[in-house]
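Take a look at the structure set out below.
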There are 2 protein chains.
Amino acid sequence: MRMNEGVEWAAHVCVLLHWAEEGGDAPVPATRLAAAYDLPTAYLVKQLQALGRAGLTESVPGRRGGVRLARPAARITLMDVVAAIEGPDDAFACTEIRRQGMNAERPARDFAQPCGVAHAMREAELAWRRALAATSIADLAGSTPAGRAADARRFLAAP
Amino acid sequence: MRMNEGVEWAAHVCVLLHWAEEGGDAPVPATRLAAAYDLPTAYLVKQLQALGRAGLTESVPGRRGGVRLARPAARITLMDVVAAIEGPDDAFACTEIRRQGMNAERPARDFAQPCGVAHAMREAELAWRRALAATSIADLAGSTPAGRAADARRFLAAP
DNA sequence: TCAAACCTGGATATGTTTTGTCCAGTAAGG
DNA sequence: CCTTACTGGACAAAACATATCCAGGTTTGA
């Protein structure tokens with residue numbers, strides 16, 4: 001059960017976009033974002049498109065165009081980023097094996113009560129999501145060593 | 001980020017093994033466990049081997065052999081099962097992209113402080129694991145509708 | 001004793017997802 | 001009108017999940 005690498009990319013890129021916005025350098029072209037962390041441009045673009053579809057970023061086409069955050073970094077959480085890249089599905093997918101084999105003859109109403117395994121898994125994922133929702137892009141930006149933001153802005157704005 | 005189907009199988013199978021133990025019918029052969037939920041035997045066997053390596057189950061070779069829980073169901077949690085099947089790695093793998101591209105020239109000591117993204121992801125996974133650890137196989141068995149356990153024992157003990 | 005019923009580990013095959021590239025189409029600025 | 005950008009779709013390679021099979025070892029009961 002490994003998470004898409006795109007989640008890491010997207011989280012860091014969102015922090016960059018936040019810094020760019022603060023410095024008045026938004027929007028930032030995808031090529032520049034890829035260069036900032038030496039990521040494969042074409043593939044990063046795919047992840048950025050997912051962020052856009054999820055409403056976290058908006059993009060400006062044409063020359064001097066690029067990508068920017070669609071709302072303040074304080075209102076974009078890691079949960080939003082994970083959901084945008086990974087999609088809406090839970091990690092655990094209950095396939096209701098309890099209805100098969102020795103229970104195949106039972107009527108469907110015998111399984112009205114949700115499966116205990118699925119329920120516990122769901123609760124655990126909710127705890128995970130709550131924790132992710134507790135950290136915003138602004139929080140991540142704020143926890144970065146001093147001066148790093150200014151350096152990033154300088155890089156992003158460079159010709 | 002989807003979880004192995006084997007986790008669902010293993011959780012349900014552990015509940016079956018608990019019931020079998022209660023009824024004095026342990027150990028249970030893998031073929032019988034597979035039949036109980038109509039699972040592909042050979043592949044279920046692989047998952048059972050993972051449970052064994054993790055110390056959750058022990059197996060008895062030879063005729064009248066099979067698999068049984070290695071300790072009381074109350075002391076086996078969903079966390080144990082997930083870790084046994086999925087392996088020890090976190091879902092989120094930090095690849096330290098922050099050190100690349102615009103930061104490639106920085107000395108390693110600039111990154112002594114762990115990455116904020118990785119830290120937040122780690123905290124969220126810990127919350128997930130804590131939640132999983134709060135549910136034991138005995139809890140799952142206890143939340144099953146009355147009579148289901150006896151039926152399962154009857155099936156597992158059948159010729 | 002020996003055959004049947006078990007488990008183990010490794011090799012192998014197949015299908016799906018992730019990762020990554022490329023291209024044709026569209027939009028905006030100078 | 002040409003360059004720089006984004007978008008969406010098609011496509012390819014690698015990684016992983018799923019599934020099967022086989023050769024080797026253990027125990028039990030006939």
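Both backbone and side-chain heavy atoms feed into the values below; hydrogens, waters and symmetry mates do not.
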From the candidates D:dA17, C:dG10, D:dG9, the one with an atom nearest any side-chain atom of A:Lys46 is D:dG9

Taking only the side-chain heavy atoms of A:Pro29 (C-beta and beyond), determine which of C:dC22, D:dC21, D:dA5 contains the nearest atom. D:dA5

Under 4.0 angstrom, heavy atoms only, what part of the nucleic acid is B:Arg32 near: base, sugar-phosphate, or nothing? nothing

A:Gln49, nearest nucleotide to its side chain (from D:dA17, D:dT7, D:dT20): D:dT7

5' precedence on DNA chain D between B:Ala42 and A:Ala30 (nearest-nucleotide basis): A:Ala30

Quick one: is D:dT7 close enough that its OP1 or OP2 comes under 4.0 Å of any side-chain N or O from A:Ser59? yes

Hey, can you pull the residues of residues 14-26 of chain A with a non-hydrogen atom under 4.0 angstrom from DNA chain C? none

Just by protein heavy atoms under 4.0 Å, how would nucleotides 23-30 of chain D read 5' to 3' in B, S and -? ---BBBS-

Using a heavy-atom cut-off of under 4.0 Å over every strand shown, decide if B:Met1 touches base, sugar-phosphate, or nothing. sugar-phosphate

Say whether, by atom type as modelled, one donor and one acceptor occur between the side chain of A:Glu8 and the main chain of B:Glu96 under 3.5 angstrom. yes

Going by the side chain to side chain contact (heavy atoms under 4.5 Å, CB included) test, name the single residue among B:Val60, B:Leu16, B:Thr57 that passes it with B:Val67. B:Thr57

Looking at C:dT8, C:dT21, D:dT20, which one has an atom nearest to any side-chain atom of B:Val45? C:dT8

Shortest side-chain distance from A:Glu5, nucleotide among C:dT19, C:dT21, D:dT20: C:dT19

With sugar-phosphate meaning primed atoms plus P, OP1 and OP2, does B:Gly52 contact a base, only sugar-phosphate, or nothing at under 4.0 Å between heavy atoms? nothing

Regarding A:Arg32 and the six-membered ring of A:Phe155, is the cationic atom NZ or CZ under 6.0 Å from the ring centre and inside 45° of its axis? yes

State whether B:Arg98 and B:Asp110 are salt-bridged, where the test is any N-O pair (Lys NZ or Arg NE/NH1/NH2 against Asp/Glu carboxylate O) under 4.0 Å. no

For A:Asp151 and A:Arg154: C-alpha separation, side-chain torsions, deciding distance, then whether salt bridge (charged side-chain N to carboxylate O under 4.0 Å, His left out) applies. CA-CA 5 Å; A:Asp151 290 352; A:Arg154 210 165 300 129; 2.9 Å; yes

